[in-house]
Amino acid sequence: MTAEALPDASGHFGRFGGRFVPEALIAALDELSEAYASARRDPGWTAELDRLLRTYVGRPTPLTDAARLTAHAGGARILLKREDLAHTGSHKLNNALGQALLARRMGKTRVIAETGAGQHGVATATACAYLGLDCVVYMGEEDTVRQALNVARMRMLGATVVPVTTGTRTLKDAITEAMRDWVTNVDSTHYVIGSVMGPHPFPMLVRDFQRVIGDEARQQVQELVGRLPDAVTACVGGGSNAMGIFSAFVPDATVDLVGYEAGGLGVEGALHAATIAAGSPGVLHGMRTFLLQDPDGQTLSTASISAGLDYPGVGPEHAWLHDTGRATYRSVTDGQAMDALKLLAHTEGILCAIETAHAVHGAVELARELGPDKVVLVCLSGRGDKDMDTAARWFGLLDPAPGR
Amino acid sequence: MNTLAEVFAAARAERRGVLVGYLPAGPGADEAFAAMVAAGVDAVEVGLPYSDPVLDGPVIQEAVDRALAAGTSPTDVLRTVEGVARAGVPVLVMTYWNPIERYGPARWAADLAAAGGAGLITPDLPPEEAGPWLAAAEEHRLDPVFLVAPSSTDARVARIAGLCRGFVYATAVMGVTGARRETSAVAPGLVARVRAVTDTPVGVGLGVSTGDQAAEVAGYADAVIVGSAFVRTVLDSGAAGAGKLAAELAEGVRRPLPRPVPAAAPPAAPGLDGI
């Protein structure tokens, strides 16, 4: 891992980031910053993380040349970075394992996490089982219903899943509840934040743990096509898979970085989670970033068919990349994402997560815009087993029960 | 109207603690504040209802959800401040930072001062991010109040205490707001650490709900801050209940006490007592 220019010492990416938390948490954030800095300098610690990424997570994940999807799109060549093939089925374990190793290094015995789609919760439960740490996962009640399979997975892994019934009962409220737990139990507990968000040092830490996606992909694309891609795409909720793959390409001026937010039923209405497209700067969950908020600064409720993108904020580094123009952010509706889910399954035999399908739609659209001879890299962030119930209803895939 | 400094000076002369009562603005709050002030609350905190109150427990969350559902806005908060200030006690607003960021710190300071407000308590605004607010507060002669916690290092306690005007808010326990059966074992040590670096009065909040607890806290702190207990009472029995609780707490902060000077500060390790 190389030293990054940003965030600055106080955790800012330009005007974004920082630490807006109760004073009770400042000592824990300082402890985490110090533990992370010392771990990165410790060759034994980084070697153990590298070894586990290889032998436990299954890294490096492959790069797939999506020939039939490319032919269907009729434009640029589409390459898929296969994070869906990592252990637990998404990129989330890269970060959860790194943070769980840090928790152990800090002498913490209990780990808490928030989860939306359940992928980060499953990854954290997995890392805790592997390292022998107690694990509690907060999940909005609405999400425990639409992602029931992941609730069962977390419980099978020995984690306690707490359905959150306050507020909108989704990811935002799960984070609020996890922060309350952390304030109360910070002595024994590390909060494994699942995305590039929250107070400093989390946005930096999670980005660094996810950067392995971009570092691998950058080399793999060059090996396959002999040059850098023309565009790198990913879905953006909090934005950890996007930040992980973008960060390796940020210095490459010829590479366009494009993030796809959840457009829900359409950004022109109220039912979406397109934070950068429709939001404004504000402070939520410890960071200054783009938010969906009302004129009084109250957080708005969001809507997306994908629980993992259903969040009214976005990682502060994305806000900064947007501000500087280095990355662009577009939105993809529920319908477009579901069509892309089906298209990828039919053309490539890959059932991706609905979150990921937002990036797939974006990549197809972008491939057409760029035209042949160009190369588009997509972060295929997760697999879709958890979403089959939603997909079955959406597409009417299940036969009626016999005898009716 | 009295300033916070005058209220603390008067209480010190009477050898008693200052009683601070909190409620979020919203339906019924104005009547409840009037009853609390009539029954002996010395200073008031008006909460600005916010959608994601990370430092609050279920009681305050319930009240805040009701206030938001009723459409309570920052403008309503200013109206409540105006009403309570007219009763002659200092009024502070307690708020998470985003609504103020959205309102604009300079405009908020001007409007809060115009409404007769005395200051602002900002539980999620660390001193590192407080520059614009501190400038606005100074311009409009408002008291900025920040929180110190049992986990704060001595260096941070000194830095935060140095920025506070009116009083320093010491959070008695590591945890969210809510009444607790026992008072905090770590609060006296935290108060002693604040006193070591400032002459500004120290208020202790989080967990106090009875006259006995108020008396105990008044034994080592300048102010006793009561939030969730008032909120619970107002949710259950309205302004009359709030007045009754205020009378009990006001008696508590007036009890003659041996005032034990905390000797060597107890270990600063954050405790989980009473949660």
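Protein chains get the first letters and strands the later ones, always in sequence-line order, with residue 1 at the start of each.
Looking at B:Pro123, the atoms closer than 4.5 Å to chain A (heavy atoms on both sides) all sit in the backbone: N, CA, C or O. In this structure, chain B has a heavy atom under 4.5 Å from the backbone of A:Asp294, while its side chain stays farther away. Neither the backbone nor the side chain of B:Tyr103 has a heavy atom closer than 4.5 Å to any heavy atom of chain A. At a 4.5 Å heavy-atom cutoff, B:Glu128 makes no contact with chain A through either its backbone or its side chain. Using a 4.5 Å cut-off between heavy atoms, A:Leu291 contacts chain B through its side chain alone, with no backbone atom that close. For chain A, no part of B:Pro58 is nearby; none of its heavy atoms comes within less than 4.5 Å. Of the atoms belonging to B:Leu68, it is side-chain heavy atoms, and not backbone ones, that fall under 4.5 Å from chain A. Proximity to chain B (any heavy atom under 4.5 Å) is restricted, for A:Thr166, to the side chain, taken from C-beta onward.
Classified by interplanar angle (parallel below 30°, tilted 30° to 60°, perpendicular above 60°), the ring pair A:Trp182/A:Phe202 is perpendicular. Aromatic ring pairs are classed by plane angle as parallel below 30°, tilted from 30° to 60° and perpendicular above 60°; the pair A:Trp320 and A:Phe13 is tilted.
Options B:Asp52, B:Leu55, B:Leu125 differ in how many heavy-atom pairs under 4.5 Å they form with chain A, and the most are formed by B:Asp52. When each of A:Gly297, A:Gly167, A:Ser280 is checked for heavy-atom pairs under 4.5 Å with chain B, A:Gly297 comes out on top. Most heavy-atom pairs under 4.5 Å with chain A, from the set B:Leu147, B:Thr171, B:Thr153, B:Leu48: that is B:Leu147.
By the 4.5 Å heavy-atom criterion applied to side chains, A:Tyr138 and A:Asp181 are counted as neighbours.
A salt bridge does not link B:Glu138 with B:Arg165: every distance from a Lys NZ or Arg NE/NH1/NH2 to an Asp or Glu carboxylate oxygen is 4.0 Å or more. Taking a cutoff of 4.0 Å between a charged side-chain nitrogen and a carboxylate oxygen, A:Arg180 and A:Glu177 qualify as a salt bridge. Between A:Glu141 and A:Arg146, none of the side-chain N atoms (NZ, or NE/NH1/NH2) sits under 4.0 Å from a carboxylate O, so this pair counts as no salt bridge. Looking at A:Arg19 and B:Asp124, no side-chain N of the basic residue comes within less than 4.0 Å of a carboxylate O on the acidic one, giving no salt bridge.
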- [ ] Show the numbers, then the answer: is there a ring pair (Phe, Tyr, Trp, His ring centres under 6.0 Å) between A:Phe290 and A:Phe16?
- [x] CA-CA 9 Å; A:Phe290 279 96; A:Phe16 299 107; 5.4 Å; yes
